[in-house]
Every structure is written in structure tokens, then in C-alpha cells.
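Numbers restart at 1 for each chain; the letters A, B, ... are given by sequence-line order, proteins then strands.
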Amino acid sequence: MDREIVLTLPDGSERRFPAGVTPLEVARTVGERLAKAAVAGELDGSLVDLRAPLTRSGRFRILTAQDPEAGPVIRHSAEHVMADAVERLFPGTIIDAGRQDHSEKFQYDFRFPRGFTPEDLERIEAEMARIVAAGQEFTREVVSREQARELFRARGEELKLVRLEDIPQGEEITVFRHGEFVDLCRGPHVQRTDQIGAFKLLETSGAYFKGDERNEMLQRIYGTAFASRAELDAYFARLEEARRRDHRRLGKELDLFSFSPLAPASAFFHPRGAFVYNRLVDFMRELYREYGYEEVITPQLFDVELWKRSGHYEAYRENMFFSEVEGREFSMKPMNCPSHCLIYSTRSRSYRELPLRLADFGRLHRFERSGVVQGLTRVRTFAQDDAHIYCTPAQIGSEVERLFQFIFRVYQTFGFSQPIIYLSTKPEKAIGDDALWQSAESQLQRCLEERGVAYTLNPGEGAFYGPKIDFVVHDAIGREWQLGTIQLDFNLPERFALTYVAEDGTEKRPVMIHRAILGSIERFFGVMLEHFAGDLPLWLAPEQVRVLPVSDRFLEAARAVRERLVAAGIRAEVDERSEKLGAKIRDGEVEKVPVLLVVGAREAESGTASVRVRHRGDLGAKPVDAIVATVTTATLQRSLDPWPEAS
RNA sequence: GCCAACGUAGCUCAGCCGGUAGAGCAAGUGAUUCGUAAUCACUAGGUCCGCGGUUCGAAUCCGCGCGUUGGCUCCA
């Protein structure tokens, strides 16, 4: 370790300090006011506690509550304050540990004899407010393992003792205190509790100790905290926006789909919803022709023998529906892959046929535990834009590359421009031997690296038959959704003894690539709806244009305009209600019809209609022919803008 | 499956300490014939999720079941 370190400050200046200097000491050399306002240090982009000694050189700055990066520090500190409040109000509560949510929430788990009630949360909040107002100082202490054990044993914190044992030997153990409260913690924390500007407890839930369902269930409390009241309010405004965009709400409001307790976690698509659903499928079918896929149709119900052969019975059983007929056990298909293997093996295959790309929109049934289902994004029956590519090992690279192009093209059409990519490797419950797995994993990794795309490794998250690359998109409010997937599989071809005759006349084993681009049509529908906040682009909108007569006297003129639109293949309706124009416009906007056409005396006379584009107001009268042309072009181009001409 | 909350008209929701159900929107009917985000009036609409219990009496209290929501675990 150097005896001296060099810190490069935000203004570019380089300052020398003895190794072991703390960020707080550095802040004091800049100014007492900065030192007072400081909540954390940042060295080369990572947060460091103000009291933790700095041992290496780098780019350094002091964060105050004003910096957005300080949020996690404030929330982490609020987390300790919450645990403190709970212990003060409910003596005997055993604390486990807090954690930052990936969003802007913090949480803390407790061993508590019952669930926390909303009234408890109110009391805890009030207690927290007192602790915050007291401005108690956070202190950091490095302790030996034995000291830590002694400390938590004396406090009766059994769960902390377990956590302590999970810290690897040789790692520094630190505890943080404020007031009477002590927690095993790496930090960083703010200096004083009153630097927690605004906080709110949000909800409670059960949570397994260490996230393992074989362990005891603890009681978790979620909350959030920000530097200021204004930021806290902004957080709730974001939640409100999320609720407004919730696909379950939009689906109901726009009469797209519904659910019934008589078919739990299974969507009913109404005429409008089914229309959109079918447009998504049509879109994929159209691209399938271009990308060389052939569609197949396969059964729903299979003798379990099939699933025993494929390995699903072994590794996927708890997600399958079973039934018995004539003493034979059957199961609904949860995946299409075995069917496609059966098709493949109906005759001998030549290398000349490969890659063979079999696509299937077949309905799948997967049993999902009742607590995990959610709207369209997690259902028990759905269809995927599924396909299996049978190819030679040498073709893997080019097939995966082709898939990347295909996937990016599809996502761009919806405005999902930057998918996040994960590489998931062999899970605990897997079939096939390690050598096959390693080969498959390294090939996928090579494809990613050759393409030069950024990806994150997700160890142990692969499918049971092979590793996979997953594509996750952000919706407009930043939530992550997994859609597309590319899965490499050497196992099923083995299990189904698939072969092809190679150029040299010998029999070889093909490789199988499982892939979906939209993922499940249901989930994609939900995510897309949220992404668009219900404002579907023209090519997907069930009702593209609505003609609004100014009064009943112009009904005939409005119908005539509609006829011309319909003749041109445009989906148009007339609002025939005897309402005022303002009401018709309002309803058209609320129902998110992309284009409203107003027809009154002026328009009827001149063969025009006044165009009103969704959320964009009146664009003035235009000839009906021109309207037809604009709508038709935007539809064919799958434009995200319902009226490209206007931009 | 586990933890918690919730389930009242088609939708959003009110209904205190148990006394027999209400609003707005939507729907239907009528009037109005209207120029860029809500015209007016009237009418109809309820196994208060289901089953059981406590009680003279349950939408309200208790238990069980189902479903939904937010988490946990899981996942396209």
C-alpha cells in the first residue's frame, strides 16, 4: 500500500494525502461547509463512507444530499433508522438486514411474531421522525469477528450472528451506530440522521430469511427516503404515472381483455384486444417469410412419455398441468420444443435442409403458483412467437448473429431501442452433462463478444436444457421486462436422437436453438401497452379513425367519409351519438383513437374533413384523399407517429 | 405455495361503534342539433366474492374457501 495517495478532485486538481485519510477529512480541507453537508464520498464512481479510510488514488468527489447519487446513502441510512424505530417500539424484535431495492425503495427484515399492520407503520414512522429530528450521529467502527459476535450475542441478535458467519474470513467487519442502535453494515451512511430529508414507509410483506423458501419467513417493511420533500413527492408522482399506464387498467378501460375467476391467470381477449394480438402475430409471420422460417401447428395434449423423454417431466414438472384419460397420463404442453423434435425426426434429414427453422404460435399452458401471476405479464396460458432452429454446430454463430438482427429490428418497430442483454448459465436443475453445457455457454458468449454488445452475466439462470441470452427492455417508466430469448440446446437433439446426413455421408447430431422475439405474445402485449401508455400506433390500433359529425344533420356526410376510408382498407367508425362535438372529441381522445375527423357544413361542402390527431389537437381541414394517403402510409410503414406528415 | 392488504352496481369508490345499501361515470329512454376534451332530465341496475359461525339482527364481527393487489420464492 502506498503511504501517500493522490486524489483527483472534480475541478481537475490533484491533491496528495496520507493513505488512510477519510473522505470527511478531505472534505474539511476543501471547506467546513462542504464537510458539514457531505453525505458520502465517491472514489472512481463507487460510493465510500465518509469515515472509511481511503487507501488508493483515484478520481474523488464529495457527495452532498443535493447529488442524485446520494439517494442510496440516504435510503440506506433511513433503513437503519427504521430498524432502530422498530426495536424501540417493539422490544424483543430480532433484526435481520436491510437492503436497497433496485428501484428507489429500501427494506428491512425482522423476526416479529405477527405481520406489521398499517397502524404499526404509522407508529414506526412517527418514531423515525423523532430519531431523524434528533440529528443523531452515525459512527463507523471496525471490529474483529470476535468483538462482533460478542456485540450481537449480548444484544440477542440471533439473525445477525448467522449473517456474521456469512462474511468471508479476512474481510473487514464494520458496524455502524447511531444512538442506541448498532448494525452490522458496510455503509456508507450519512453523518447525522437529520440529513435524511424526507421519508415514507410504503408496505409490508413476508420475506424468507436469506431469500430461501426453506428458511423461516421474516416480516419485511418497505420504505423510501429522499433528500427533500420535493423529491419524495416526485417519487409518488412517478408511482401515479405507473398506475395510469398499468396495462391491467388500460386493458379494462380500452375493452381489450379481461380475466375471470373461472379461468385464473388466463386472459380473455375481447374483439379489440384480439385484433391487436393478431396484428402482432401477423407482423411476426411477415418477417418469418423474410428470415426463412416455416410455421407448424402441433398438438396441445401429450402422453407424459414425451415429457419423460424430453426431460420436462424431470426438470419442469411442477410447472405442468396433468390429466388422466383411459388410465393414460397426459399433460398440456408447456413448451413447443419436443413437438418440433418429433416433426424433425419423421424422416431422415440432410445437411442441405439446415438450418431448419420451425415456428409455432401454439398455445402453451404452464402452472404458475397462485401468488406469482400478474395481469398479462405472468399468466398460465399463452402463446409465444416461438421457433426452434435445427442447425449444424458450424452454423451456430451465423444463426445467432441473424437472430440479433431480427430481434433488434422487431424491437425498434415498437420503439424499444436499447434492450438490456443477459447471458444466463447452467441452473441447479439441469439436464445434460457439463461438457455440453460449457461448450454451449462459451459459444453464446463468443457470439455476444463478436457482436460487441454489452451484456450482463446471470449465473445459474439458464433454461434446464441449455444456456440462454435474454433480451430485457425498459418501459417508459424504467421497469425491466424480459421478452426475447435465444437458448442454445445440445440436450434435446441427444434425447430425441436427432440426426442429419452430413456432406461426407455420415450421420451427425444437429444443434437446436430455441428462440422467441416478442417472448410470449401476452406478456409483450402488456409491456407494449404500458410502453405506449395505451396510445397504440396506427398499424395496431383497432379503430384507426373516428369520424365525428358536428351534429346529426351531418351524419350522412360523416358516413360517406367513413365509406371512403373503409374502401381504402382503413379501420374507421362514425360517432353517431346525438352528442355535442366537444363530448365526441373528448370520448375519442379518452378512447385513444389515433385520428379524429370532424365533419360539418364546411367540410361536407368541400370534400374535406378536419383532422384531429391524438393528443395533438386540431390540424385543420384536409382533403379526404390526402387523409387516406397519410393514414395508409403510416400504417404500412408501421410508423410510431400516427400523423407523420404533421412533424 | 408463503406474508400482508383488499373484494359493495359494468367502472371508480362511499357506507362511523352491527339495525336491512349510496354517489359519480357508464348503460337505457326522452329532449336538444350543437364547430374542437364532458348538454339536460328521467329510468333501470346489487346473492354487498362464496360457504359456515356469533347475534334478536351481519356489507359491517369471527373462521374457512376462491379471486385480486403488493411483496417473497419462481418466471416468457
Side-chain angles (χ1 to χ4, degrees), chain A residues 101 105 107 109 112 114-118 120-121 202-222 243 246 248-249 252-253 255 258-265 316 318-319 334-335 364 366-379 382-386 424 427 429 461 463 468 470-472 481-485 487 514-524 526-527 548-555 578-590 596-603 610-612 614-615 617-621:
Chain A
D101 197 77
K105 289 193 267 185
Q107 50 183 250
D109 294 349
F112 192 67
R114 56 178 176 83
F116 289 103
T117 64
D120 292 336
L121 292 195
L202 301 169
E203 61 228 349
T204 60
S205 89
Y208 300 107
F209 182 52
K210 293 197 212 173
D212 188 329
E213 65 183 326
R214 289 167 300 198
N215 289 340
E216 68 174 302
M217 181 163 268
L218 304 174
Q219 294 300 325
R220 173 172 295 178
I221 302 177
Y222 286 89
R243 263 194 291 279
D246 190 315
R248 292 165 298 194
R249 179 197 183 102
K252 201 183 277 181
E253 286 173 359
D255 196 19
S258 63
F259 292 87
S260 161
L262 295 176
Y316 205 72
E318 62 277 18
N319 285 296
M335 296 185 193
L364 307 178
R366 295 186 187 174
F367 172 72
E368 299 285 356
R369 294 150 113 193
S370 56
V372 310
V373 298
Q374 205 216 34
L376 283 182
T377 49
R378 192 80 185 276
V379 287
F382 57 98
Q384 294 176 314
D385 59 330
D386 197 14
S424 302
K429 223 174 184 182
E461 296 294 321
K468 57 178 185 167
D470 287 327
F471 294 81
V472 169
W481 297 95
Q482 195 210 303
L483 303 175
T485 184
Q487 310 176 347
H514 307 238
R515 47 106 289 178
I517 293 175
L518 302 180
S520 98
I521 317 289
E522 276 75 0
R523 174 176 289 181
F524 190 87
V527 173
L548 314 180
V550 168
S551 77
D552 290 353
R553 290 195 293 134
F554 305 105
L555 249 179
S578 177
E579 285 288 348
K580 288 164 81 170
L581 181 61
K584 294 178 193 174
I585 286 171
R586 181 174 192 280
D587 291 340
E589 290 275 351
V590 167
L596 301 177
L597 297 181
V598 175
V599 174
R602 295 198 295 271
E603 293 83 359
S610 288
V611 177
R612 205 191 146 98
R614 187 172 56 198
H615 308 322
D618 189 6
L619 301 185

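In a base pair of the Watson-Crick type (N1 to N3 plus N6-O4 or O6-N4) or a G-U wobble (N1-O2 and O6-N3), with each distance short of 3.5 Å, B:rA58 is matched with no nucleotide. Pair assignment for B:rG18 gives none, since no Watson-Crick or G-U wobble pairing has each distance under 3.5 Å. In this entry B:rG50 has B:rC64 as its Watson-Crick or G-U wobble partner, both defining distances falling under 3.5 Å. When both pairing distances are held under 3.5 Å, B:rC25 makes a Watson-Crick or G-U pair with B:rG10. Nucleotide B:rU69 is matched to B:rA4 when pairs are restricted to Watson-Crick or G-U wobble geometry with both distances under 3.5 angstrom. Of all nucleotides present, only B:rC40 satisfies the Watson-Crick or G-U wobble test against B:rG30, with each distance under 3.5 Å.
Nearest heavy atom pair, residue A:Y222 against residue A:S205, reads CE1-OG, 3.9 Å.
As rounded to the nearest Å, B:rG28 and B:rA37 have P atoms that lie 24 Å from one another. Separation of the C1' atoms belonging to B:rG53 and B:rA58 is 11 Å when rounded to the nearest angstrom. Nucleotides B:rU12 and B:rG52, compared at atom C1', are 32 Å apart to the nearest Å. Annotation: B:rA23 and B:rA14 have their P atoms spaced 16 Å apart (nearest Å). Here the separation of B:rG57 from B:rU69, taken at their C1' atoms, is 33 Å to the nearest Å. Atom name C1', nucleotides B:rC17 and B:rG24: the rounded distance is 28 Å, in whole Å. Comparing B:rC25 with B:rG67, their C1' atoms sit 25 Å apart, to the nearest whole Å. Remark: the separation of the P atoms in B:rC48 and B:rG19 is 16 Å, to the nearest Å.
Here B:rC66 presents its C1' atom at 17 Å from CZ of A:F259, a figure rounded to the nearest Å. The distance from atom CD of A:E203 to atom C1' of B:rU68 is 16 Å, rounded to the nearest whole Å. Atom CG of A:D255 is separated from atom P of B:rA27 by 12 Å (rounded to the nearest Å). Rounded to whole Å, the distance from CD on A:E253 to C1' on B:rA26 is 12 Å. In this structure, A:N215 atom CG and B:rG1 atom C1' are separated by 16 Å, rounded to whole Å. Rounded to an integer number of Å, the gap from A:E318 CD to B:rU73 C1' is 12 Å. Nucleotide B:rU69 holds its P atom 9 Å from the NZ atom of A:K252, rounded to whole Å. In this structure, A:M217 places its CE atom 17 Å from P of B:rG70, rounding to the nearest Å.
Contact annotation: A:Q374 does not reach the phosphate of B:rG71 (side-chain N/O to OP1 or OP2, under 4.0 Å).
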Distances for protein N or O near nucleotides 44-46 of chain B N or O, under 3.5 Å:
none

Please tabulate, one pair per line, each protein N/O and nucleotide N/O from nucleotides 4-8 of chain B that are separated by under 3.5 Å, including the distance.
none

Just the atom pairs and distances: protein N or O near nucleotides 74-76 of chain B's N or O, under 3.5 Å.
from   : atom 1 : to     : atom 2 : distance (Å)
B:rC74 : O2     : A:R378 : NH1    : 2.8
B:rC74 : O2     : A:R378 : NH2    : 2.3
B:rC74 : N3     : A:R378 : NH1    : 3.1
B:rC75 : O4'    : A:R378 : NH2    : 3.4
B:rC75 : O2     : A:R523 : NH2    : 3.4
B:rA76 : OP2    : A:K468 : NZ     : 3.1
B:rA76 : O3'    : A:Q482 : O      : 3.4
B:rA76 : O3'    : A:Q482 : OE1    : 3.4
B:rA76 : O3'    : A:Q482 : NE2    : 2.4
B:rA76 : O3'    : A:R523 : NH1    : 3.4
B:rA76 : O2'    : A:R523 : NH1    : 3.4
B:rA76 : N6     : A:E368 : OE2    : 3.0
B:rA76 : N6     : A:V379 : O      : 2.8
B:rA76 : N1     : A:V379 : N      : 3.4
B:rA76 : N3     : A:S520 : OG     : 3.2

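Nearest-nucleotide positions on RNA chain B place A:P264 closer to the 5' end than the other of A:R248 and A:P264.
Although no hydrogens or angles enter the test, the distance criterion places a donor-acceptor pair under 3.5 Å between the side chain of A:E522 and the main chain of A:A383. One N or O on the side chain of A:R523 and one on the backbone of A:T377 form a donor-acceptor pair closer than 3.5 Å.
Against the 90° criterion about 0, the sugar-base torsion of B:rC17 places it in the syn range.
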What string of B, S and - do you get for nucleotides 34-40 of chain B, 5' to 3', if B is base contact, S is sugar-phosphate-only contact and - is no contact with any protein heavy atom under 4.0 Å? BBBBBB-
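Every residue two or more places apart in sequence or in another chain was checked for a salt bridge (charged side-chain N to carboxylate O under 4.0 Å, His left out) with A:D385, and none qualifies. The ring-ring contact (aromatic ring centres under 6.0 Å, His included) test applied to A:F382 returns no partner, not counting sequence neighbours.
Salt-bridge formation is not detected for the pair A:R612/A:D618: no Lys NZ or Arg NE/NH1/NH2 atom is positioned less than 4.0 Å from an Asp or Glu carboxylate oxygen. Here A:D212 does not pair with A:K210 in a salt bridge; the nearest charged N to carboxylate O distance is not below 4.0 Å.
Residue contacts shown for A:A383 are absent, as no nucleic acid heavy atom lies under 4.0 Å away. When heavy atoms are screened at a 4.0 angstrom cut-off, A:G526 is found touching no nucleic acid atom at all.
Side-chain atoms of A:L483 and A:F524, non-hydrogen and from C-beta on, do get closer than 4.5 Å to each other. Contact check for A:R515 versus A:Q487: no side-chain heavy atoms found under the 4.5 Å cut-off.
For A:S610 and A:E603, the side-chain atoms include at least one donor-acceptor pair closer than 3.5 Å.
Taking 3.5 Å as the limit, the base of B:rG1 and the side chain of A:Y208 contain a donor-acceptor pair of atoms between them.
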